[in-house]
Amino acid sequence: MEHPLRVDEISALEAPRVADAVSFAAPVAPLPPLPNLSASDVTFLRPSDPHYRDFLAAANTRTQLSPALRAVCKTDRAVAAMIAWVRSNGLTFAVRCGGHSYEGFSQSKDVVIDVRGMAGIAVDKASSLVTIGSGASLYHIYQALAGQGLALQAGSCATVGISGHILGGGHGLLARSHGLTCDSIEQVTMVDSQGRVFQASATSEVDIDWACKGGGGGSFGIATEFKLRVFPLKTVLVFGVTWTLSQAHAAKMFAAWQAFAPNAPSTITSIVKVQSAAGGLITVRCIGQSVGSEAELRAGLQPLLALDRPSTALSIKSLGFLDAVTHFAGTLDYESIYMKAKSDYVLGPLGADAIQHMIAAVAGASGVALLCDAYGGKIADVAADATAFPRRKGTQFCIQYYSSWMHAAATAAHIAHELVRRGITVAAGLATGIDTAAHQATLAEGGRTVAFLGTGINKAYPKDNEALQREIASKGLLLSQFWPDAPPRKPSFLMRNATMSGYGIATIVVEAGETLAVRFTNPENPFAAVTVTT
Ligand SMILES: Cc1cc2nc3c(=O)[nH]c(=O)nc-3n(C[C@H](O)[C@H](O)[C@H](O)COP(=O)(O)OP(=O)(O)OC[C@H]3O[C@@H](n4cnc5c(N)ncnc54)[C@H](O)[C@@H]3O)c2cc1C
């Protein structure tokens, strides 16, 4: 089982907990009276609701927010009523399906209009059409289709939501043989900003139909249902091969992959993953899927196999469609991780210099990978202006620069490290976790920190940070937001941050957690304190 996005093996025990990201939950501001909707239309979830946390996790914990209200909508009517309600009350909101937005565009501190209450899947085998509620996840769709011997071209992660995925394009291991997920759209049902419910297709609301095919979610309205064209598929070939190579050989292998992958028969879709390995070496792992013959697949991979001896031999297996989905999904559980990624579309083959530069950047970096998805094939059969997704003919591959980590403390330590490198003083409180990590990273780099205690200066709090506090105090860098010997008071992050701004030494406050993302502007020195959310 392998997940294309998994960079390092992660133990389930280590995975970030939802609580890590919400432990500093903000006091919730009173909401205006809620729209008059029945339980068959919507489930309202507020932080005090026992089921609130069941719906909270975002795939990227770095972006996770705790909304004052989540409205899990079950009908178009509920979506329209929620839109009218947030508009008339001037509330900020986000639309959420699977919660896999890399930058948390489905997260809001105020209101989340959540479409996961609409997740029905109706397969019409005779017409090869499937009607899907906009809150369904990819795996549930694959499962419903496989039961009828059908398949849909979509991404590898089981818990990605159909809405964000298809509205943004959608690339998966059947992309070169069957196109992008958005190429399967026959009709989208949508609710617009005025609460109007309408269908967009090739013959109706054609501009919206065009925009829904790769233009991105969260922009043109809230999709409530998709009608998609699907196709019969029983078995596929899944393959994987790894090389562990010097940088120079890895660069040659990458060049061989880019010559093969975008130009291979359209039956074959492959991904290459480049990571650092021990001893300054690089692993190059090529994985993928084919709906063609094994002989064709072996012939396609032959130039790569001839170049260097694999460290893990080529494996080719014939699997049923759903087994292939599970193989690449890695897990069917909802996983969350701290991550950051950016992508480029490569429109012509990269030169040797560019490849070497890229590989050198990956060498020695842990938790970092280059992930490249091959384009071409059926993706290129659609004209660049026929849909909102323009990366068609000529696009070679998409290159994703991906980095992930397990804990918020790692974010704080990383930011602290970067600040010290730029000669900037790091300021933070002394709470266990994030603040401690920022302090320790700063001291380890020989940087300056300014520490703030939420208690009287002569009290070590939290107790397990006593040694760190003593070290900071011995360097004359300890400040307290309270007078010495004052009795402990309820910690106020606002007060603490304001104090730091006031001192003017604190340039950047390293913190994590949504409610700490308060920006202070000191009119005399606008750079006095800027809170960095992690
Ligand atoms: C672990 C992981 C694996 C991934 N694997 C792949 C892959 O194999 N292939 C691939 O192409 N991509 C992949 N992606 C990217 C993924 O397709 C996008 O992030 C996609 O937008 C996620 O959709 P979602 O519904 O899960 O996310 P959400 O965060 O819920 O939504 C994403 C965006 O769509 C909007 N939106 C959500 N629902 C609606 C709606 N009903 N109407 C209108 N707008 C809506 C949101 O407001 C947000 O802007 C992966 C991402 C992750 C984190």
Side-chain angles (χ1 to χ4, degrees), residues 3-7 10 55 57-65 70 72-73 76 79 82-83 92-108 111-119 132-139 141-142 153-175 179-183 188-193 200 208 211-212 214-226 269 271 287-289 325 328-331 333-341 343 371 373 375 379 389 391 398 400 402 404:
H3 189 313
L5 276 189
R6 180 148 305 157
V7 171
I10 290 159
F55 288 77
N60 188 355
T61 311
R62 181 174 63 81
T63 66
Q64 188 174 299
L65 298 177
R70 179 182 305 276
V72 183
C73 296
D76 293 351
V79 171
M82 287 311 299
I83 292 174
T92 63
F93 72 99
V95 186
R96 143 114 197 200
C97 176
H100 278 62
S101 164
Y102 275 22
E103 290 304 326
F105 295 149
S106 50
Q107 303 292 310
S108 169
V111 178
V112 172
I113 302 179
D114 195 319
V115 296
R116 282 177 290 174
M118 300 176 284
I132 303 171
S134 66
S137 68
L138 295 188
Y139 184 73
I141 299 167
Y142 292 141
Q153 70 275 24
S156 44
C157 179
T159 53
V160 162
I162 186 64
S163 286
H165 187 70
I166 200 166
L167 295 170
H171 183 284
L173 288 152
L174 292 170
L180 298 172
T181 318
C182 68
D183 298 338
V188 181
T189 302
M190 202 166 241
V191 185
D192 72 10
S193 60
I208 295 288
C212 285
S219 298
F220 307 108
I222 300 185
T224 56
E225 191 178 87
F226 298 98
T269 303
I271 298 177
I287 57 173
Q289 194 166 283
V325 165
F328 286 113
T331 174
D333 295 335
Y334 199 96
E335 283 193 329
S336 300
I337 196 165
Y338 292 87
M339 54 86 72
K340 175 77 191 175
S343 303
L371 301 159
D373 297 337
Y375 274 61
I379 305 171
F389 194 96
R391 306 296 175 202
C398 170
Q400 194 177 149
Y402 181 90
S404 62

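Nothing here was measured: the structure is a model prediction, and the numbers come from that model. Counting starts at 1 for both ligands and their atoms, following the listed order.
When the options Ser163, Gly221, Gly172, Cys212 are ranked by their closest heavy atom to atom 43 (C) of ligand 1, first place goes to Gly221.
Residue contacts with ligand 1 include Ser156, since one of its heavy atoms falls under 4.0 Å from the ligand. Contact analysis puts Gly170 in contact with ligand 1, with a non-hydrogen atom separation below 4.0 angstrom. In this structure, Gly99 has a heavy atom closer than 4.0 Å to ligand 1. Within the structure, the closest approach of Ala154 to ligand 1 does not fall below 4.0 Å when heavy atoms are considered.
In this structure, Arg70 and Val72 have side chains that are in contact, with non-hydrogen atoms separated by less than 4.5 Å.
No N or O atom of Tyr102 sits closer than 3.5 Å to an N or O atom of ligand 1. Below 3.5 Å of separation, one finds an N or O of Val95 facing an N or O of ligand 1. Ligand 1 has no nitrogen or oxygen under 3.5 angstrom from a nitrogen or oxygen of Ala59. Considering backbone and side-chain atoms alike, Val115 places every N or O at 3.5 Å or more from each N or O of ligand 1. The distance criterion of under 3.5 Å between nitrogen or oxygen atoms is not met by Arg96 with respect to ligand 1.
Taking the six-membered ring for Trp and thresholds of 30 and 60 degrees, Phe389 and Tyr375 have nearly parallel ring planes, at less than 30 degrees apart.
With a 4.0 Å heavy-atom cut-off, ligand 1 is reached by the side chain of Leu167 but not by its N, CA, C or O.
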